[in-house]
Asker: 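Please read through the structure below; I'll follow up with questions.
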Protein chains: 2
Amino acid sequence: MTTDFPSPRPRGRPRKFDPEMAVATAQAMFLARGYDAVSVADITEALGINPPSFYAAFGSKAGLFARVLERYSRCNGLPLEELLRPGRPVDEALAALLEEAANRYAANAADPAAAGCLVLEGQRCNDPTAREAAGALNSAAVEAIRAFIAARHPAQAETLTDYVVAVLTGLSTAARAGQGRERLLATAGLAARAVRAALAS
Amino acid sequence: MTTDFPSPRPRGRPRKFDPEMAVATAQAMFLARGYDAVSVADITEALGINPPSFYAAFGSKAGLFARVLERYSRCNGLPLEELLRPGRPVDEALAALLEEAANRYAANAADPAAAGCLVLEGQRCNDPTAREAAGALNSAAVEAIRAFIAARHPAQAETLTDYVVAVLTGLSTAARAGQGRERLLATAGLAARAVRAALAS
DNA sequence: GAAAATCTGTAGTCATCGATATAAAATGCC
DNA sequence: GGCATTTTATATCGATGACTACAGATTTTC
């Protein structure tokens, strides 16, 4: 007997586009130009679809952005769990975090306009829903950093977290302003030395 | 005989509002909510005037923003010429710059929403004209910092400038996110120690 | 007081935004 | 083939953005 198999094709007229591909395309557009500067018309044009198809699939522009954020933090965001694995020396982990951020935020040759962090930049948009979605992801990341530091250096957790987050923010902005990987890495390296000095005291 | 005296009152119907006060009001609004989020309707309502009066006085929203930026850098921006006066020890000057930024970026009790730097935040808006106006002011400030460092530490000028600007950006963002003066000062202090260490090597 | 100059208030223009009503087209199931 | 289901395409909607045409009001100058 054949086991029950999920029908590879649901009933009704088939979709003309792949929602996962659409999310990936939208991710690149939001990263290159920012949430506010990308209109639904821009997206539907890029996907070769019409507005009703867009809204049937994603509900709203903010709904698509939530999908994009999920994909971004899964595929392109900083791998915090790996970087901040319990037991890793705090100075080493934070240095690796800063270096990884510099590498990821730098624009690559494939898409020179897409630089910086989608979560950090997304918090500056003018849509409250989208802003809060990005803010929630950012808060979780900040709390992860704080908890990692606090496990062994509770007295310095807040100050060091504030400092690291400030530098990450500056790196994202600098990347968007066009700074290349080398300059971002130099900034990250300087910041890492400050972290080391603060922990040694 | 009486000397020619510039008529204190020009011909025609007198203005119902003071343009200088209007620029000050708009500065507070732009700082609190950002360029894009403040509409011309918001401004005319706050000033108690109608759109034609606004456009007769300022030409455009971007035109008003240029006036606001001029006023901001004259009255509320970082006093770079004083902080980076020639001959001042570089580490001391940069530490003072970072500390001054933390103090100025922090929200005050009078207007809790107005935090951060108008020039840095203005570069993120979606209007090209306004963005370039803020960018020009920012570029001049960055170049002033770079030249000040290069006068005595040319080899480290670019790296240190990138680093200081990144931290300033992070401080402005953190201030807008609600961090109080103490936390901003702690971040600035950590950054200043990194500058000192980099210059001592 | 008449003329010239300048500002004000009413009432719009036009473009763009996010989002939708409606009906036709394309599929699976019976 | 006929029906239920789902997506598609056309053609908007209502709100809001920056900005302005026009006529009336208020002032100085002559």
Side-chain angles (χ1 to χ4, degrees), chain A residues 2 4-23 26 29-30 33-68 122 125-133, chain B residues 2 4-23 26 29-30 33-68 122 125-133:
Chain A
T2 59
D4 276 356
F5 213 70
S7 174
R9 207 149 172 200
R11 298 215 307 187
R13 182 169 173 172
R15 275 227 173 84
K16 221 182 149 189
F17 70 106
D18 176 5
E20 283 306 314
M21 286 287 288
V23 171
M29 296 176 74
F30 284 136
R33 290 153 56 190
Y35 182 85
D36 292 324
V38 176
S39 70
V40 172
D42 291 333
I43 297 171
T44 57
E45 187 183 9
L47 297 177
I49 64 176
N50 295 110
S53 298
F54 174 88
Y55 285 98
F58 303 111
S60 67
K61 185 185 175 185
L64 168 64
F65 192 58
R67 295 268 305 260
V68 167
C125 77
N126 284 316
D127 182 299
T129 306
R131 207 166 48 218
E132 283 161 21
Chain B
T2 58
D4 276 354
F5 212 70
S7 176
R9 205 143 171 207
R11 299 216 306 189
R13 182 170 173 172
R15 275 227 173 82
K16 223 183 148 188
F17 69 106
D18 176 6
E20 283 305 314
M21 286 287 288
V23 171
M29 295 176 75
F30 283 137
R33 291 153 54 190
Y35 182 85
D36 293 323
V38 176
S39 71
V40 172
D42 291 333
I43 297 171
T44 55
E45 188 184 7
L47 298 177
I49 65 177
N50 292 308
S53 299
F54 174 88
Y55 284 98
F58 303 111
S60 67
K61 184 184 173 185
L64 168 65
F65 192 59
R67 296 267 305 259
V68 167
C125 77
N126 285 316
D127 182 301
T129 306
R131 206 166 48 218
E132 282 160 22

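To find a chain, count down the sequence lines: A is the first, B the second, and so on, and within it residues start at 1.
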Asker: With respect to the phosphate group of D/dA4, does any side-chain polar atom (N or O) of A/Arg11 fall under 4.0 Å of OP1 or OP2?
Answerer: no

Asker: Under the salt bridge (charged side-chain N to carboxylate O under 4.0 Å, His left out) test, which residues partner A/Arg131, sequence neighbours left out?
Answerer: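 Salt bridge (charged side-chain N to carboxylate O under 4.0 Å, His left out) list for A/Arg131, sorted by chain: empty.
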
Asker: Can you check the B/Lys16 NZ to D/dT27 P distance for me, whole Å?
Answerer: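 Going from B/Lys16 (NZ) to D/dT27 (P), I get 12 Å.
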
Asker: Using a strict heavy-atom distance below 4.0 Å, which residues from residues 51-59 of chain B are in contact with DNA chain D?
Answerer: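 Under 4.0 Å from DNA chain D: B/Pro51, B/Pro52, B/Tyr55.
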
Asker: Measure CG/B/Asn126 against P/D/dA18 and give the value in whole Å, please.
Answerer: 12 Å

Asker: B/Asn50 has an atom CG; how far is it from atom P of D/dG24, in whole Å?
Answerer: 17 Å

Asker: Measure the distance from CG on B/Asp18 to P on C/dC7 and round it to the nearest whole Å.
Answerer: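 One finds 13 Å between P of C/dC7 and CG of B/Asp18, rounded.
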
Asker: Please determine, for the side chain of B/Lys61, which listed nucleotide (D/dA18, C/dA4, D/dT7) has the closest atom?
Answerer: D/dA18

Asker: What are the residues of residues 37-49 of chain A, sorted by number, that bring a heavy atom to within less than 4.0 Å of DNA chain D?
Answerer: none

Asker: Kindly state each residue pair satisfying salt bridge (charged side-chain N to carboxylate O under 4.0 Å, His left out) with at least one member in residues 43-52 of chain B, sequence neighbours excluded.
Answerer: none

Asker: If I compare all heavy atoms of B/Ala57 with all of B/Phe17, which pair ends up nearest, and what's the gap?
Answerer: CB-CZ, 3.8 Å

Asker: May I have all residue pairs that pass salt bridge (charged side-chain N to carboxylate O under 4.0 Å, His left out) and include part of residues 48-58 of chain A, sequence neighbours excluded?
Answerer: none

Asker: What nitrogen or oxygen pairs link the protein and nucleotides 23-26 of chain C at under 3.5 Å?
Answerer:
unit_1: C/dA25; atom_1: N3; unit_2: A/Arg13; atom_2: NH1; d: 3.3

Asker: Do the non-hydrogen side-chain atoms of A/Ile43 and A/Val38 ever get within less than 4.5 Å of each other?
Answerer: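 A/Ile43 reaches A/Val38 side chain to side chain.
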
Asker: Quickly work out the A/Asp36 CG to D/dT16 C1' distance and round it to whole Å.
Answerer: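 Rounded to the whole Å, the gap is 14 Å.
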
Asker: Nearest whole angstrom, please: distance from the P of D/dA9 to the CZ of A/Arg15.
Answerer: 13 Å

Asker: Is there a donor-acceptor contact under 3.5 Å from the side chain of A/Asn50 to the main chain of A/Pro52?
Answerer: no

Asker: List the residues meeting ring-ring contact (aromatic ring centres under 6.0 Å, His included) with B/Phe54, not counting sequence neighbours, and say none if there are none.
Answerer: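 Listed in chain order: B/Phe58.
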
Asker: For A/Ala66, what residues pass the side chain to side chain contact (heavy atoms under 4.5 Å, CB included) criterion, not counting sequence neighbours?
Answerer: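 Result, side chain to side chain contact (heavy atoms under 4.5 Å, CB included) vs A/Ala66: none returned.
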
Asker: Do B/Tyr35 side-chain atoms and B/Asn126 backbone N/O form a donor-acceptor pair below 3.5 Å?
Answerer: no

Asker: I'd like to check the salt bridge (charged side-chain N to carboxylate O under 4.0 Å, His left out) partners of A/Arg33; sequence neighbours left out, ordered by chain and number.
Answerer: A/Asp42

Asker: Can you list every side chain to side chain donor-acceptor pair (under 3.5 Å) pair that touches residues 52-67 of chain A, not counting sequence neighbours?
Answerer: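 Of all non-adjacent pairs touching residues 52-67 of chain A, those that pass side chain to side chain donor-acceptor pair (under 3.5 Å) are A/Glu20-A/Arg67.
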
